[in-house]
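Both backbone and side-chain heavy atoms feed into the values below; hydrogens, waters and symmetry mates do not.
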Protein chains: 2
Amino acid sequence: MAKVTRDDVARLAGTSTAVVSYVINNGPRPVAPATRERVLAAIKELGYRPDRVAQAMASRRTDLIGMIVPDARQPFFAEMAHAVEQAAAERGKMVLVGNSDYRDEREVHYLRAFLGMRVSGLILVSQGPSERAAAEIEAWDARVVLLHERPEAIDDVAVVTDDVGGAQLATRHLLEHGNDYVACLGGTESTPVVGDPVADHIEGWRRAMQEAGLTTEGRLFHAPYNRYDAYRVALGLLAGPDRPPAIFCSTDDQAIGVLRAARELRIDVPGELAVAGFDDVKEAGLTDPPLTTVFSDRPAMARAAVDLVLDDSLRVSGSRRERLKQFPSALVVRRSCGCGEPPATAR
Amino acid sequence: MAKVTRDDVARLAGTSTAVVSYVINNGPRPVAPATRERVLAAIKELGYRPDRVAQAMASRRTDLIGMIVPDARQPFFAEMAHAVEQAAAERGKMVLVGNSDYRDEREVHYLRAFLGMRVSGLILVSQGPSERAAAEIEAWDARVVLLHERPEAIDDVAVVTDDVGGAQLATRHLLEHGNDYVACLGGTESTPVVGDPVADHIEGWRRAMQEAGLTTEGRLFHAPYNRYDAYRVALGLLAGPDRPPAIFCSTDDQAIGVLRAARELRIDVPGELAVAGFDDVKEAGLTDPPLTTVFSDRPAMARAAVDLVLDDSLRVSGSRRERLKQFPSALVVRRSCGCGEPPATAR
DNA sequence: TGGTGTTACGGAGACGTTTCAGCAACCTCA
DNA sequence: TGAGGTTGCTGAAACGTCTCCGTAACACCA
């Protein structure tokens, strides 16, 4: 069965191929209603579907947005990707997501692939794109928006939440519960000192501790961002002699690992250990106890990122600071911090 | 900065454009080593990157595989997608994943989009593609592989695990622990009776119950596949007067919801309630207690699906049965069933 | 009636590749 | 030495669409 092309449609409708194009794209030139009807009818009759590749070829653009995340299996990134997908769909775009698995080469690989596919823009949720990645972006002079992170390597628009402020909020809250101090579970030691949300979470925690006149010395611990590794690290930390009274985790997923470790060790949360996370992942509502955390407005951020990547007009070329779109964060109080009544069923 | 094209490379290397192509693709015609070097050098010097769109246009194929899943935020699908991505990468392909959100229209939307992009094949993890979807596939006569499910609507190759057998294994195991009977938490009532893995899980459970001379009457419950809804349903079920002694869940994610509900209700697992799931999602190892479940070999399945979608030679046109690639399942015994010592730290 | 717009439409040149067919030049072997 | 086969390369035709121009037809007005 030979492929139906625009030529077939034109022939059947008794018009030129150009007119068929005009009908399909509503422009750039007007078409008389009667002609339009004929074309539409022909399209329907033949079951014609424009070839996207050819369209992209000719028009030098696509309806595609490329998105690169470290690992879409982690709830936070999965939810972020989903939010972007939704936001893009609202604007008639499709998003291609690639997992970098935290590896530069994978990141560059996808970058190349997406750029080669002529995506109309890129949304990067990256642990600080490598030099190579930056070079690649440079070479294609692509439209890039950094989402969730704001690394130094790339000078581009970034959409983030108020990470410092949120972390401060959470830490303060933990302190207000009367805990002597709050420990912090940050990322791996290789986390960049600046630009990474986790680095900001640590900074926020540090500030809140300082406000309270407390030292942060020896109270910062490190673990990869996923619950599994966080669980392992927490097992060691909580079983040790100086178990902290409270922990602020830079990520909900980590907090989930900590909660699990506490249970394993029969440490009551929040009774013997208060915990807070960051992100307000959906699962935070279903942990035991429900996790107190910091809300980040993913749908809004996703929408902003998509808008920014699609509309050149929004891309002001001001200073670094001006090109940072920051969303406010808010504390979501649940029970892992010590707030609230125990549920009725628990007595 | 004008885009570097193949013509520029050819000019610099002092050859024809055809030779540049031959060098890039290693064929279809041979190129003298010296010439090849010159071309390679020119490519490097100019920083030339072939335009994938143009390549696709001319060669009428792409390195893309389309994949449609219901919701990549669910761990099982996320892991499956990741496995497929890996398998595809091994063969130099990229995978595009779309979320249908369990809606036919979204499915058709992605189908159209992927097909229009000339993907070299489609991997569907679908709750039984709709008629419309089937029609779309038909129209493009695309290469399709059904992964995880094997709906009736599409007559195509399917890659699945031994769902019936696995469920049987799990149910039997729960029975062997001395439970009077095993309840089953299946999918929503609208789950197709046949072709869906969950339907098969129910069937396996039914058989195991029958083997033991037990009735399944009134012992099958329904909930959507995610932990949140399962949690809600389980809350009702477990708080009721005839709480079952054991539950086999058709999905790990559901089992996680059940576990959470049990904890909420202070029902000891496995002491007062034995639980088993299906899929062996990564998280199953970190639940409390660790979840006994049925293993499905996702990497192998993903690889098989990718092979099948890429190699026509593998697509035998035998009977439905012959075109079903079934992977064995195995019981993964952890602690939610009642096996094993409690962890040292727990006493 | 001639000039000036306006509206609909068609021809045809991109877009950047792949790959077929063709053509020299050179080798091999009887 | 000449026929036949390789080898290495080139020219140019696709691939299916978009879109710039050009043109024809027609209306309107002075």
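- Contacts of A:R36 with the nucleic acid, taken as non-hydrogen atoms under 4.0 Å apart, are absent.
- Checking side-chain atoms of B:R38 against main-chain N and O of B:A13 turns up a donor-acceptor pair under 3.5 Å.
- Taking the C1' atoms of five terminal pairs at each end of the helix from C:dT1-D:dA30 to C:dA30-D:dT1, the two resulting helix axes are inclined by 50°, rounded to 10°.
- Between B:F76 and B:H148, the ring planes lie tilted relative to each other; the angle falls in the 30° to 60° range.
- Residue A:R60 is classed as a sugar-phosphate contact, given heavy-atom separations below 4.0 Å to backbone atoms only.
- The residue among A:Y22 and A:M57 whose nearest nucleotide of DNA chain D lies closer to the 5′ end is A:M57.
- For B:N99 (side chain) and B:D101 (main-chain N/O), no donor-acceptor pair under 3.5 Å exists by modelled atom type.
- Under the 3.5 Å distance criterion, the side-chain polar atoms of A:T35 are left unmatched by any main-chain donor or acceptor of A:V31.
- The closest donor-acceptor contact from the side chain of A:R118 to the backbone of A:A56 lies under 3.5 Å.
- Listed nucleotides: C:dA8, D:dT17, C:dG10. Nearest to the side chain of A:Q55: D:dT17.
- Straight-line distance from the CG atom of B:N26 to the C1' atom of C:dT19: 15 Å, rounded to whole Å.
- Distance, B:R11 CZ to C:dG16 C1': 13 Å, rounded to whole Å.
- Rounded to a whole Å, the CZ atom of A:R6 is 12 Å from the C1' atom of D:dC15.
- Scanning atom types as modelled, no donor and acceptor separated by under 3.5 angstrom connect the side chain of B:R29 and the base of C:dT18.
- Side-chain atoms of A:V19 lie closest to C:dC9 of the nucleotides D:dC15, C:dC9, D:dG11.
- At the heavy-atom level, B:A18 lies under 4.0 Å from base atoms of the strands shown.
- For A:R118 and A:T35, each mapped to the nucleotide of DNA chain C holding its nearest heavy atom, the one lying further toward the 5' end belongs to A:T35.
- Side chain of A:S120 to backbone of A:L64: a donor-acceptor contact under 3.5 angstrom is found.
- When each of D:dT17, C:dA8, D:dT10 is scored by its nearest atom to the side-chain atoms of A:A54, the top-ranked nucleotide is D:dT17.
- Using a 4.0 Å heavy-atom criterion, one finds that A:S21 contacts the bases of the nucleic acid, with or without backbone contacts as well.
- Residue A:T5 has its side chain nearest to D:dT17 when only C:dA12, D:dT17, C:dT17 are considered.
- The separation between B:D51 atom CG and D:dC15 atom P is 19 Å, rounded to whole Å.
- When the nearest nucleotides of DNA chain D are assigned to B:V31 and A:D7 by heavy-atom distance, the more 5′-ward of the two goes with B:V31.
- Between B:D307 and B:R91 a salt bridge is recorded (basic side-chain N to carboxylate O distance below 4.0 Å).
- One interatomic measurement links the two molecules: CZ of A:R38 to C1' of C:dG10, which rounds to 13 Å at whole-angstrom precision.
- Within the nucleic acid shown, B:R52 has no heavy atom closer than 4.0 Å to any nucleic acid atom.
- With rounding to whole Å, A:R61 atom CZ is found 15 Å from D:dT17 atom P.
- Of the charged side-chain nitrogens involved, at least one lies within less than 4.0 Å of a carboxylate oxygen, so that A:D71 and A:R73 count as a salt-bridged pair.
- When rounded to the nearest whole Å, the span between CG of A:L115 and C1' of C:dG16 equals 16 Å.
- Put simply, CG on B:D63 is 14 Å from C1' on C:dT17, counting in whole angstrom units.
- A sub-4.0 Å separation between OP1 or OP2 of C:dG10 and a side-chain N or O of A:S16 is present.
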